[in-house]
Amino acid sequence: MTTALICAMPMELAPLVKKLGLKRVSKQRAAGERVVALYTGMGTDLATKSTEALFADFPNIERVVVFGITGAVDDDTAIGQLIVPEKVRNSETGEDFTPHDANGHTPKGVMWTTNVITPAEELPPLLAQGVVSLDMETAAIAKCCEVRGVPWSVFRTISDRATDNSITDEVFKLAKQDGSPNWGNVAKFFLTKPYKIPAMMKLMQGARLATDRAADAAIAAFRHSGVA
């Protein structure tokens with residue numbers, strides 16, 4: 001069985017590649033025995049495009065594990081907490097997707113896949129729908145899997161909270177669409193807003209913790225089948 005481990009950004013892929021000892025085979029991909037790992041870039045369009053290309057190049061993929069970071073929709077969920085949802089919902093189409101394996105975890109709530117930054121004032125209606133976290137790719141990857149009948153699961157960890165508006169459009173643009181740093185925007189941001197350095201350091205610490213734990217969860221799911 002070949003398993004695909006899919007995330008959105010290079011920073012999410014890096015700890016997994018190191019922990020599994022995978023070999024880089026392209027800018028976005030790494031591979032090992034019976035496993036291929038990929039970062040897609042951010043948003044549903046790139047997630048769809050990159051996942052479709054992966055299936056075309058590796059037609060023997062029999063299982064997909066989506067991993068990486070996700071944003072909390074409340075003040076109570078801890079940074080670094082693992083999110084294993086019951087459903088993943090595409091905010092644009094309303095489509096729901098059900099993960100196939102929770103790897104021993106108890107699934108809870110809805111993961112909301114959206115292409116826009118969600119301000120704090122828009123969170124109450126999502127909470128009322130049972131949404132537990134926000135991401136930008138999972139529903140698109142799930143759909144690619146579903147049309148092929150490939151089982152998929154998702155294990156994402158909390159890196160930030162939408163309630164504090166820490167991820168604004170300006171902060172989001174510190175990365176390029178492929179997830180790599182936009183150094184020009186980074187330099188401009190810190191030169192013009194040095195007072196935001198402490199908050200950004202805290203955000204980056206949360207992201208590092210979350211990406212490391214997400215990698216661990218993905219590896220555990222990969223090994224659960226006995227293929228590693």
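Each residue takes its place number in the sequence, starting with 1. The basis for the numbers below is simple: all heavy atoms, side chains too, and nothing from hydrogens, waters or symmetry mates.
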Which of these passes side-chain contact (heavy atoms from CB on, under 4.5 Å) with I6: V64, V36, L13?
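Exactly one candidate clears the test, V64.
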Can you name the one residue among T70, V84, D101 that meets side-chain contact (heavy atoms from CB on, under 4.5 Å) with F155?
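Considering T70, V84, D101, a side-chain contact (heavy atoms from CB on, under 4.5 Å) with F155 is found only for V84.
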With a 4.5 Å cut-off on side-chain heavy atoms, are [Y] and [X] touching?
X    : Y    : result
V110 : V132 : no
C145 : F55  : yes
V154 : M111 : yes
K176 : P181 : no
L46  : T48  : no

With clusters defined by side-chain heavy atoms of hydrophobic residues (ILVMFWY) lying less than 4.5 Å apart, directly or transitively, does [Y] cluster with [X]?
X    : Y    : answer
V25  : V35  : no
Y39  : L16  : yes
F67  : L22  : yes
I79  : M200 : no
L203 : Y195 : no

Looking at every heavy atom in both [X] and [Y], which two are closest together, and how far apart are they?
X    : Y    : value
G68  : A214 : O-CB, 3.4 Å
A139 : V88  : N-CG1, 3.6 Å
M136 : V116 : CE-N, 4.4 Å
V131 : V73  : O-CG2, 3.2 Å
C144 : T51  : CB-CG2, 3.7 Å
P124 : A120 : CD-O, 3.7 Å

Inter-residue atom distance [X].[atom1] - [Y].[atom2], 0.5 Å rounding:
X    : Y    : atom1 : atom2 : answer
W112 : L126 : CH2   : CG    : 5.5 Å
M11  : S180 : CE    : OG    : 12.0 Å
L38  : S26  : CG    : OG    : 8.0 Å
T40  : R29  : OG1   : CZ    : 11.5 Å
D45  : E137 : CG    : CD    : 11.0 Å
C7   : I69  : SG    : CD1   : 10.0 Å

Could [X] and [Y] be called an ion pair, given the rule that one side-chain N must be under 4.0 Å from one carboxylate O?
X    : Y    : result
D74  : R161 : no
R156 : D135 : yes
E95  : K143 : yes
D96  : K87  : no

Please determine which of N90, T113, N115 meets the side-chain hydrogen bond (donor to acceptor under 3.5 Å, both in side chains) test together with T44.
N115
Side chains of T157 and R213, donor plus acceptor under 3.5 Å:
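No pair is found: no donor N or O on one side chain lies under 3.5 Å from an acceptor on the other.
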Does one side chain, of E146 or W152, offer a donor that lies under 3.5 Å from an acceptor on the other?
yes
With K196, which residues qualify under side-chain contact (heavy atoms from CB on, under 4.5 Å), at least two apart?
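Counting only residues at least two positions away or on another chain, K196 forms a side-chain contact (heavy atoms from CB on, under 4.5 Å) with E170, F189, K193.
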Holding to side-chain contact (heavy atoms from CB on, under 4.5 Å), I want the full list of residues that pass it with I117, two or more places apart in sequence or in another chain.
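Scan of I117 (side-chain contact (heavy atoms from CB on, under 4.5 Å), adjacent residues dropped) gives I167, D169, F172.
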Within the supplied structure, the quantity of interest is the number of heavy atoms (other residues, nucleotides, ligands) at a distance under 6.0 Å from K202 NZ; does it exceed 12?
no
Got a donor-acceptor contact below 3.5 angstrom from the [X] side chain to the [Y] backbone?
X    : Y    : result
N185 : K173 : yes
E12  : M9   : yes
Q81  : I158 : no
T2   : I61  : no

Verdict with reasoning, E62 to R148, per salt bridge (charged side-chain N to carboxylate O under 4.0 Å, His left out):
CA-CA 10 Å; E62 297 180 23; R148 292 172 171 79; over 6 Å; no
Can you check side chain to side chain contact (heavy atoms under 4.5 Å, CB included) on T3 and R34, steps first, answer last?
CA-CA 6 Å; T3 299; R34 297 186 178 183; over 6 Å; no
